[in-house]
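One structure is given below, encoded as structure tokens.
What you see is a predicted model, and the numbers here were worked out from it, not measured in a lab. As the structure lists them, so they are numbered: ligands from 1, and atoms in each ligand from 1.
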Amino acid sequence: MPIVRLCEDALVLHKHHYNAQYYKLTLRAPRIARLARPGQFVHLRVPHSDACFLRRPLSLANTNPQAGTVDIIAKVLGQGTRQLADVDTGVALDLLGPLGKAWPVLQAGQSVAMVGGGVGFPPLFFYAQQLHPACRVTFYYGGRSADDILEEADLARCSVRVAIATEDGSKGVRGRVTLPFEQGLLQDRPDVVLTCGPTAMMRAVAELCQARQVTCYASLEERMGCGLGVCIGCVVRTSRGFERVCTEGPVFNVQDVWEWAHA
Ligand SMILES: Cc1cc2nc3c(=O)[nH]c(=O)nc-3n(C[C@H](O)[C@H](O)[C@H](O)COP(=O)(O)OP(=O)(O)OC[C@H]3O[C@@H](n4cnc5c(N)ncnc54)[C@H](O)[C@@H]3O)c2cc1C
Ligand code: FES
């Protein structure tokens with residue numbers, strides 16, 4: 001299938017601040033909305049910012065092809081995501097996308113465990129909404145505190161089983177999300193595991209899956225320059241040689257990125 005990448009001036013239609021850290025932007029980007037699949041991302045230019053020379057990669061959190069809109073959910077980490085949080089509705093953002101490879105296509109009836117949190121939540125959230133009702137989805141959702149847990153109502157509406165773990169115990173069980181995930185692996189043994197979030201968490205998930213021979217895909221979050229496969233700034237060693245996270249990824253079968261998983 002040919003790779004199609006589009007550049008769109010995407011109007012900010014709606015802005016929602018979940019809390020001081022996280023926000024969602026709904027953007028008018030009809031061509032990207034039509035093509036994008038869960039797991040893909042857009043590369044976004046932060047408007048009117050000399051400091052943010054490079055675009056910022058942000059996963060698609062949902063699309064509505066009929067309305068011609070895409071949602072992104074971002075966490076304020078540095079200057080770019082902070083400035084983006086302050087853009088007004090009606091401003092046009094320069095988007096490049098959809099970029100990268102999507103999550104694997106799953107068969108109806110398969111059971112899926114998603115493990116993620118923080119900036120890794122949006123691409124899993126997008127897929128969880130699409131998989132319903134074809135698959136049985138359990139979402140192991142981790143964060144430092146209750147502020148990191150978003151869109152619970154929408155996950156419940158999609159009949160996704162949600163198991164929450166926060167490090168301070170302010171929501172769900174206290175501790176790391178790998179705790180409930182490990183219990184789930186033993187009790188329910190999913191057909192496939194999808195993970196996105198902090199690298200240490202994804203490595204732990206990969207390890208648990210390897211020990212029980214469960215197929216696991218991880219969406220790697222490397223820093224990116226061009227996002228288009230040109231600068232070679234985002235390479236990872238795979239079983240096929242070096243590959244670009246922005247182009248051959250960001251989604252990899254963890255078996256293919258064994259060195260990354262065991263670094
Ligand atoms: C494929 C992909 C999809 C992503 N999807 C989302 C998303 O949906 N929502 C979201 O909030 N963020 C997402 N990110 C991360 C996001 O791109 C960074 O948080 C953002 O670029 C930071 O920009 P900044 O200017 O705010 O911070 P900077 O000033 O550039 O950096 C601030 C801090 O964040 C760290 N950082 C920056 N980029 C990354 C990165 N890619 N991975 C890990 N740490 C980083 C830096 O080391 C630094 O400590 C994604 C990243 C990738 C590669
Ligand atoms: S970011 Fe330039 S090759 Fe991936």
Please report whether the ring centroid of Phe181 lies less than 6.0 Å from that of Tyr141.
no
Select all protein residues for which some heavy-atom-to-ligand 1 distance is less than 4.0 Å, and list them by chain and number.
Phe41, Arg56, Pro57, Leu58, Ser59, Ile73, Ala74, Lys75, Leu77, Gly78, Gln79, Gly80, Thr81, Val119, Pro122, Glu221, Glu222, Arg223, Met224
On the 0 to 90° scale, with breaks at 30° and 60°, tag the Phe121-Phe139 ring pair as parallel, tilted or perpendicular.
tilted
Hydrophobic clusters here meaning ILVMFWY residues chained together by side-chain heavy-atom distances under 4.5 Å, can you tell me if Leu194 and Leu155 are in one?
yes
CD of Glu222: more than 12 outside heavy atoms within 6.0 angstrom?
yes
Answer yes or no: does atom CZ of Arg176 have more than 12 heavy-atom neighbours from other residues, nucleotides or ligands under 6.0 Å?
no
Assess whether a salt bridge exists between [X] and [Y], defined as any Lys/Arg side-chain N lying under 4.0 Å from an Asp/Glu carboxylate O.
X      : Y      : result
Glu151 : Lys24  : yes
Arg55  : Asp94  : yes
Lys101 : Glu243 : no

Compare all side-chain heavy atoms of Tyr140 with those of Val162 and state whether any distance is below 4.5 angstrom.
no
Starting from atom 2 (Fe) of ligand 2, count all protein N, O or S atoms within a radius below 2.8 Å.
2
